[in-house]
Amino acid sequence: MAERVKVLFSEKEVDARIRQMGEQISSDYKGKKLHLICVLKGGSFFMCELAKYITVPVTIDFMSVSSYGGDTKSSGIVKIIKDLDESIKDKDVLVIEDIVDSGRTLNYLFELLKQRGPKSLTLCTLLDKPDGRTVGVQVDYTGFEIPDKFVVGYGLDYHQLYRNLPYIGTVELD
């Protein structure tokens with residue numbers, strides 16, 4: 001089976017939106033220190049770009065969770081592959097995600113992180129796919145709302161491919 005990638009949001013559009021999000025986050029957290037948690041692997045591209053536009057002091061940590069395996073649909077089974085290196089107790093925490101789809105993974109992750117006692121816990125995603133939602137998740141900062149299609153680029157992959165695309169595209173299978 002072959003696939004094609006069709007541009008959904010250009011590099012210019014993505015860069016402009018990330019800059020706006022960084023400015024909004026900086027305004028909302030003015031006078032505070034912000035702890036970013038990047039959800040790997042896809043979130044790393046987005047977090048690195050976003051962090052450049054956040055003007056408040058930030059610290060960074062990483063988690064790796066998965067509910068996809070090798071498919072284009074969430075399996076519903078959440079696995080923690082890499083946990084945090086630092087405590088988040090009493091910190092203002094912003095979770096950085098590439099995409100919110102079914103909501104299962106983030107729902108599970110947020111319940112886990114709440115138990116660790118952060119001062120605040122918010123969610124920032126580059127892409128939000130509300131039509132794919134099966135579990136309620138509050139998204140505090142959204143780059144783009146997208147249709148229920150499988151997307152790649154800017155950290156998002158299809159079988160580990162296409163993460164390096166500087167734009168967001170939809171995968172169309174032949």
Side-chain angles (χ1 to χ4, degrees), residues 14-69 73-130 132-146 151-157 160 163-164 168:
V14 173
D15 291 345
R17 183 65 187 121
I18 291 173
R19 178 184 296 267
Q20 291 171 344
M21 294 173 78
E23 291 169 356
Q24 182 63 55
I25 291 165
S26 298
S27 174
D28 292 350
Y29 287 91
K30 188 174 183 171
K32 297 180 180 181
K33 183 177 175 183
L34 187 57
H35 187 69
L36 306 179
I37 295 177
C38 175
V39 181
L40 295 171
K41 296 177 185 171
S44 61
F45 288 75
F46 174 44
M47 187 200 65
C48 289
E49 287 302 308
L50 180 65
K52 291 194 280 188
Y53 300 113
I54 297 175
T55 57
V56 299
V58 298
T59 55
I60 296 172
D61 205 345
F62 299 88
M63 281 191 91
S64 182
V65 296
S66 178
S67 68
Y68 278 85
K73 295 281 186 197
S74 174
S75 68
I77 300 168
V78 179
K79 294 189 309 184
I80 293 188
I81 298 162
K82 185 221 174 291
D83 206 340
L84 298 173
D85 292 330
E86 299 177 27
S87 170
I88 60 170
K89 185 161 179 55
D90 299 324
K91 293 181 180 180
D92 288 307
V93 175
L94 179 63
V95 175
I96 309 291
E97 178 65 288
D98 55 0
I99 187 169
V100 179
D101 191 350
S102 72
R104 289 187 195 117
T105 302
L106 283 167
N107 186 58
Y108 176 85
L109 181 60
F110 264 62
E111 289 305 313
L112 176 69
L113 294 175
K114 284 178 191 174
Q115 294 172 13
R116 297 179 182 186
K119 183 177 181 181
S120 68
L121 183 62
T122 53
L123 174 61
C124 178
T125 186
L126 180 58
L127 303 173
D128 188 5
K129 191 189 296 186
R133 198 87 78 244
T134 58
V135 176
V137 174
Q138 178 180 329
V139 180
D140 302 284
Y141 303 96
T142 300
F144 301 96
E145 193 171 293
I146 63 169
V151 291
V152 294
Y154 228 92
L156 294 129
D157 75 292
Q160 298 299 325
R163 288 188 195 278
N164 61 320
I168 305 295

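Scope of the values below: all heavy atoms of this structure, side chains included, with no hydrogens, waters or symmetry mates. Along the sequence shown, residues carry numbers from 1.
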> Between Q24 and D28, does any side-chain donor sit less than 3.5 Å from a side-chain acceptor?
Replying inline: yes
> Taking it one step at a time, do H35 and E86 satisfy side chain to side chain contact (heavy atoms under 4.5 Å, CB included)?
Replying inline: CA-CA 10 Å; H35 187 69; E86 299 177 27; 3.8 Å; yes
>> Could you measure the distance from the CG atom of L84 to the CD1 atom of I37? Nearest 0.5 Å is fine.
In response: 4.5 Å
>> Taking E145 first and then K129, would you say they form a salt bridge - that is, a charged N and a carboxylate O separated by under 4.0 Å?
In response: no
> Do we see a donor-acceptor contact under 3.5 Å between the side chains of Y53 and D15?
Replying inline: no
> Got a second to check how far K32's NZ is from S120's OG, nearest 0.5 Å?
Replying inline: 6.0 Å
> Which distance, rounded to the nearest 0.5 Å, do you find between the CZ of R17 and the OG1 of T142?
Replying inline: 7.5 Å
>> Please evaluate residues Y29 and T122 with respect to the criterion side chain to side chain donor-acceptor pair (under 3.5 Å), reporting the C-alpha separation (whole Å), side-chain torsions for both, the decisive distance (0.1 Å), and the verdict.
In response: CA-CA 11 Å; Y29 287 91; T122 53; 2.9 Å; yes
> CG/L106 to CZ/R133 distance, rounded to the nearest 0.5 angstrom?
Replying inline: 8.5 Å
> Distance-only, no hydrogens or angles: does the K82 side chain make a donor-acceptor pair with backbone N or O of F62 under 3.5 Å?
Replying inline: yes
> Can you check whether M21 reaches F46 side chain to side chain, under 4.5 Å on heavy atoms?
Replying inline: yes
>> As an exercise, state the distance from CG of D83 to OG of S64, rounded to the nearest 0.5 Å.
In response: 10.5 Å
>> Under a 3.5 Å distance rule, please check whether S27 uses its side chain to pair with a backbone N or O of E23 as donor and acceptor.
In response: no
> To the nearest 0.5 Å, how far apart are CG in D92 and NZ in K33?
Replying inline: 11.0 Å
> After noting the C-alpha distance and the side-chain angles of D101 and R104, does the key distance pass the salt bridge (Lys or Arg N to Asp or Glu O under 4.0 Å) rule?
Replying inline: CA-CA 8 Å; D101 191 350; R104 289 187 195 117; over 6 Å; no
>> Pair E49, R19 - check salt bridge (Lys or Arg N to Asp or Glu O under 4.0 Å), show working.
In response: CA-CA 8 Å; E49 287 302 308; R19 178 184 296 267; over 6 Å; no
> Side-chain contact, heavy-atom cut-off 4.5 Å: I96 with L50?
Replying inline: yes
>> So which atom in L123 and which in V100 form the shortest heavy-atom distance, rounded to 0.1 Å?
In response: CD2-CG2, 4.1 Å
>> Test your reading of the model: is there a side-chain donor-acceptor pair from S26 to the backbone of T55, 3.5 Å cut-off?
In response: yes
> Is a salt bridge present between K41 and D98, judged by a nitrogen-to-oxygen distance below 4.0 Å?
Replying inline: no
